[in-house]
S.K.: 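Mind having a look at this structure? Questions to follow.
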Amino acid sequence: MKVRELVTILQALPNQDAIVVIGEGDDDERWLIVSGVVERRVRRINSDIAGPGQEPAIEIV
């Protein structure tokens, strides 16, 4: 997903005051609260995983 796509989806949500969370991954009932974003450089390993690289990315933290 590109930043533009994420922003468009988020702008369309009716509750703009909702807390932003990301699934923890190992536990279906645990989420990480988003506190900001950080620019990174990554390379895709597969469709779900990335590692250090040269492609511009935004990490949601």
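Worth knowing before you read on, the calculation uses all heavy atoms, side chains too, and leaves out hydrogens, waters and symmetry mates.
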S.K.: Could you tell me which non-hydrogen atom of Ala50 sits nearest to which non-hydrogen atom of Ile45, and how far apart they are?
M.R.: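 Ala50 and Ile45 have their closest heavy atoms at C-CD1, 3.9 Å.
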
S.K.: Quick test of your reading of the model: are Arg40 and Glu59 salt-bridged, counting only N-O distances below 4.0 Å?
M.R.: yes

S.K.: When clusters are formed by joining ILVMFWY residues with side-chain heavy atoms under 4.5 Å apart, either directly or through shared neighbours, do Val37 and Leu13 land in the same one?
M.R.: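 In one cluster: yes.
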
S.K.: Could you grab the distance from atom NZ of Lys2 to atom OG1 of Thr8, nearest 0.5 Å is fine?
M.R.: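 It is 14.0 Å, given to the nearest 0.5 Å.
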
S.K.: Do you reckon Val20 sits in the same ILVMFWY cluster as Leu10, going by side-chain contacts under 4.5 Å, direct or chained?
M.R.: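 Hydrophobic grouping puts Val20 with Leu10.
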
S.K.: On a heavy-atom basis, which atom in Gly53 and which in Arg41 lie closest, and how many Å separate them?
M.R.: O-CB, 3.0 Å

S.K.: Side chains of Val34 and Ile22, heavy atoms from C-beta outward: is any pair under 4.5 Å?
M.R.: yes

S.K.: Are any non-hydrogen side-chain atoms of Leu6 and Ile60 less than 4.5 angstrom apart?
M.R.: yes

S.K.: Would you say CD1 of Ile33 has more than 12 non-hydrogen atoms from neighbouring residues, nucleotides or ligands within 6.0 angstrom?
M.R.: no

S.K.: Any side-chain heavy atom of Ile9 within less than 4.5 Å of one from Met1?
M.R.: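 Yes. Closest side-chain heavy atoms under 4.5 Å.
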
S.K.: Does Glu24 reach the side chain of Asp27, with side-chain heavy atoms less than 4.5 Å apart?
M.R.: yes

S.K.: Take atom CD in Gln54; do more than 12 heavy atoms of anything else shown fall under 6.0 Å from it?
M.R.: no

S.K.: Are Ile19 and Val21 packed together at the side-chain level, in the sense that at least one heavy-atom pair is separated by less than 4.5 angstrom?
M.R.: yes

S.K.: CD of Glu39: more than 12 outside heavy atoms within 6.0 angstrom?
M.R.: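 Not buried by this count: 12 neighbours or fewer within 6.0 Å.
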
